[in-house]
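Let me begin by presenting the structure, written as structure tokens, before commenting on it.
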Amino acid sequence: MDFLDGLNEPQRQAVEYIEGPLMIIAGAGSGKTRVLTYRTAYLIQNGVDPFSILLLTFTNKAAGEMRHRIETVIGGQAKNIWMGTFHSVFAKILRFEGGKLGYTSNFSIYDTDDSKSLIRALVKEQNLDDKVYKVNLVLNRISNAKNRLISPEQYLASSIVEQEDRYAKIPMMGTLYKSYCLRCFQANAMDFDDLLYQTNILFRDHLDVLNKYQHKFKHVMVDEFQDTNVSQYLITKKLAAVNRNICVVGDDAQSIYAFRGADIQNILNFERDYSDLKTIKLEENYRSTKAIVAVANSIIARNKSQLKKDVFTSNEEGEQIEIIRAGSDNDEGRIIASTIFEARQKDGLKWSDFAILYRTNAQSRSFEESLRRLNINYRIIGGLSFYQRKEIKDVLAYLRFVVNQNDEEAFKRIINLPKRGIGDTSIAKISVTAAEHKVSVWEVVSHINQYPGARGGASIENFADLIKSFKLLVEVEQKDAYEVASHVAKASGLVRELYEDKTVEGLARYQNVQELLNAIKQFVDSEENEDKSLSTFLQSVSLLTNADTNEDPNDRDKVTLMTVHSAKGLEFKNVFLVGLEEDLFPSQMMLQSQADLEEERRLFYVAITRAEKKLMISYAESRYQFGRLKSCEPSRFLDELDSTYLKMAKTSGKKEISSFRPVQKTGFVEKSTSPSAAQLIQKPQQNTNYQHVPSSDFKQTDALQLKEGQRVEHQKFGFGSIKKLEINGAERKAHIVFEKGIGEKVLLLSFAKLMVIE
DNA sequence: GGTCGTATATTTTTT
DNA sequence: ATATACGACC
């Protein structure tokens with residue numbers, strides 16, 4: 001098989017080892033996708049039926065690309081391989097088999113917004129305080145439980161969990177979890193976690209089904225194995241139990257999804273589950289220069305929990321990593337936009353050779369502005385995706401409700417949209433009536449006259465008739481997704497409302513809806529899709545990833561802007577890693593434990609290893625947030641990088657600092673009271689023991705008012721004492737040991753707001 | 001009962 | 001900046 005010629009020894013081994021459990025540890029840039037593609041092609045050439053290969057990827061796009069690459073090696077058979085994300089593959093299986101669990105094949109998929117809205121409603125119904133039972137917290141706990149396969153009953157029965165929740169002052173958490181699951185079930189809906197959780201239940205309780213798929217899938221392969229959670233792992237393990245042909249590919253150093261349940265232990269413990277496991281390490285990096293690999297290794301080496309690995313490269317030494325220091329986020333945008341502009345000219349590159357990577361989506365703003373100003377083409381991946389826009393979700397909610405009248409969240413969204421005079425009170429009456437008679441909301445709405453408690457008059461009847469007419473199209477006339485959707489969009493009045501809105505935003509919204517209809521048309525016209533029904537379309541839409549939106553092949557030459565998370569698996573000649581500021585990257589939200597710090601470090605590692613030739617890292621000294629400018633300190637990660645490969649590239653002025661208004665979230669704890677008493681005084685008082693040291697008081701030549709050993713308070717980090725002061729020209733840094741468990745921090749004194757305690 | 005305007009809280013990453 | 005909550009007004 002001549003396609004194997006270009007492979008190095010471990011790669012070739014990995015491709016040819018096709019019987020029994022195999023784990024491939026693939027360092028960054030080591031040709032992982034290549035191995036996986038060739039391995040699959042190799043399997044098929046050795047007589048394995050493509051229908052019996054299950055290849056689970058991280059995004060739908062990765063699946064599509066891999067399918068394409070396999071096709072170029074072995075041809076048309078590639079389209080018969082079962083490939084896709086865990087969520088999409090098992091959603092498909094649940095559509096066939098979900099009846100055994102009490103779901104119909106039309107079940108809705110609740111996105112995060114739907115889940116949140118349901119939780120909000122439940123918290124209200126159960127008279128709980130929404131300041132204590134915060135939606136995100138509750139959703140997180142539910143999601144964690146599901147990902148660890150803890151049922152509501154088990155949750156309620158566990159004394160450990162109960163203690164935890166009592167300690168966290170959310171004792172009703174278990175009840176909430178239970179009612180959340182019940183309501184989802186009644187709505188014939190699954191949330192993202194359910195797609196995996198219910199698959200596990202299905203395989204646990206229906207051995208005939210499990211057996212069927214165990215024999216169907218003779219080879220199971222999992223890409224990005226480091227980012228699977230327990231629930232996903234158990235599914236693959238069960239599926240592979242008969243044939244034992246399981247192959248997982250991953251890199252523990254690139255595990256960056258712990259926040260959604262990914263468990264690095266999966267990869268660290270894999271050997272325990274398969275005693276006859278073969279492990280192959282791919283350690284040669286073909287992507288990046290020596291300098292980039294060295295800097296990446298220097299950061300990841302600090303992590304304790306990891307598999308031993310020695311990533312090296314035979315590539316050229318390459319340029320040093322440039323550190324760019326900007327005055328503000330706008331400044332950062334300007335510097336980077338002009339650097340891109342010049343580098344393209346000088347090095348003869350394309351726009352698409354550049355990527356700007358950031359930690360949070362909100363950071364894209366300043367780069368967009370500066371890129372636009374220089375007429376640089378760019379595209380943004382992620383953020384508010386097309387399918388999350390209000391107008392799109394509105395149309396989709398109609399469609400969802402037409403397919404599944406139990407879908408409560410869709411119902412809530414459309415019942416008074418466009419405004420038809422059915423307000424909160426009427427809706428509440430309807431749901432109370434429904435609960436009283438133990439029937440669905442739709443039952444009440446569609447037979448409103450039979451339920452005297454919820455008389456709502458003509459508008460409710462009209463709504464019911466409208467939905468009934470839509471149902472007719474789907475169920476009786478068997479119209480395809482496009483015909484139904486375009487009719488619904490018009491007849492519901494949504495399109496008319498948008499059309500009448502002549503503002504710029506209104507026009508954009510109108511076009512977005514047209515765009516949605518186009519997408520549905522494409523779905524219907526595509527030969528790959530055999531099932532052109534509305535419910536199939538809805539299912540595929542709700543599982544789309546940010547990376548999945550297909551771009552216009554005609555103008556591909558664009559600078560890419562995205563989060564580090566969505567950059568996983570990609571590579572670019574020149575990478576700008578921006579916003580390297582303390583609390584932003586590493587993220588303040590994230591840092592609660594050593595494990596969290598290590599995950600942020602892995603994220604940093606992922607970002608660095610995206611770069612082939614040139615890496616530039618920037619930070620801003622102040623940044624807009626909630627419309628305010630706040631001060632920032634450079635990230636501790638910069639200190640962790642191997643400094644022999646670094647150079648300070650650009651230092652900007654502080655043009656915008658004149659409008660500086662620090663964000664003061666809290667007041668200050670009065671010194672006489674103990675900090676734990678948390679008696680917050682709204683404003684710092686003049687006659688306290690604090691001395692405010694504002695940045696403007698520091699001048700180049702001034703002796704600092706600060707001394708080593710002195711106790712200070714920082715507006716964000718609390719109390720601390722100064723360990724060391726460093727004065728190098730304009731750089732004035734203070735190493736401060738903070739008391740509240742955040743440890744030592746290095747603050748740039750030109751920006752740190754410190755209160756000196758006398 | 002519905003809608004409009006004002007006050008308030010929110011800060012992460014994604015299937 | 002933006003989304004939600006609540007109170008005043010229609």
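To find a chain, count down the sequence lines: A is the first, B the second, and so on, and within it residues start at 1.
Applying the 3.5 Å distance criterion, the base of B:dT13 shares a donor-acceptor pair with the side chain of A:Arg359.
In this structure, the aromatic ring of A:Phe259 is not positioned over the six-membered ring of the base of B:dT14 within 5.5 Å between centres and 30° between planes.
Partners of A:Glu571 under the side chain to side chain contact (heavy atoms under 4.5 Å, CB included) rule, at least two apart in sequence or in another chain, are A:Arg287, A:Glu612.
Within 4.0 Å of A:Tyr257, counting heavy atoms only, lie sugar-phosphate atoms of the nucleic acid but no base atom. Contact annotation for A:Ser88: no contact, since no heavy-atom pair falls under 4.0 Å across all strands. A:Asp193 comes within 4.0 angstrom of nothing in the nucleic acid, heavy atoms only. Residue contacts shown for A:Lys134 are limited to sugar-phosphate atoms, with no base heavy atom under 4.0 Å away.
With rounding to whole Å, A:Phe604 atom CZ is found 18 Å from B:dT13 atom P. One interatomic measurement links the two molecules: CD1 of A:Ile415 to P of B:dG2, which rounds to 11 Å at whole-angstrom precision. For the pair A:Leu195 CG and B:dT14 C1', the interatomic distance rounds to 14 Å; values are reported in whole Å. Here B:dT13 presents its P atom at 15 Å from CZ of A:Phe192, a figure rounded to the nearest Å. At whole-Å resolution of the value, CD in A:Glu224 and C1' in B:dT14 are 13 Å apart. The separation between A:Asp129 atom CG and B:dA9 atom C1' is 14 Å, rounded to whole Å. Rounded to an integer number of Å, the gap from CG of A:Leu603 to C1' of B:dT12 is 10 Å. Per the geometry, CZ belonging to A:Arg120 stands 12 Å off P belonging to B:dT10, to the nearest Å.
In this model, the phosphate group of B:dT10 is not approached by any side-chain N or O of A:Asn136 to a distance below 4.0 Å at OP1 or OP2. Put simply, A:Asn361 has a side-chain N or O that comes within less than 4.0 Å of OP1 or OP2 on B:dT13. Put simply, A:Ser566 has no side-chain N or O that comes within less than 4.0 Å of OP1 or OP2 on B:dT13.
Taking the side chain as every heavy atom from C-beta outward, A:Met66 and A:Thr33 approach each other to under 4.5 Å.
When the nearest nucleotides of DNA chain B are assigned to A:Asn140 and A:Asn416 by heavy-atom distance, the more 5′-ward of the two goes with A:Asn416. Position along DNA chain B of the nearest nucleotide to A:Thr360 versus A:Ser542 favours A:Thr360 as the more 5'-ward residue.
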Side-chain donor-acceptor contacts of residues 187-196 of chain A below 3.5 Å, not counting sequence neighbours, with atom names and distances?
residue, atom, partner, partner atom, Å
A:Asn188, OD1, A:Thr104, N, 3.3
A:Asn188, ND2, A:Thr104, OG1, 2.8
A:Asp191, OD1, A:Lys146, NZ, 3.4
A:Asp191, OD1, A:Asp193, N, 3.1
A:Asp191, OD1, A:Asp194, N, 2.7
A:Asp191, OD2, A:Lys146, NZ, 2.9
A:Asp191, OD2, A:Tyr180, OH, 2.8
A:Asp193, OD2, A:Ser143, OG, 2.9
A:Asp194, OD1, A:Lys146, NZ, 3.2
A:Asp194, OD2, A:Lys146, NZ, 3.4
A:Asp194, OD2, A:Asp191, N, 3.2

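Judged by distance alone, with hydrogens and angles left aside, the side-chain atoms of A:Gln539 form no donor-acceptor pair with the main-chain N or O of A:Lys92 at under 3.5 Å.
In this structure, A:Arg260 forms a cation-pi arrangement with A:Tyr257, its terminal cationic atom sitting closer than 6.0 Å to the ring centre and no more than 45° off the ring axis.
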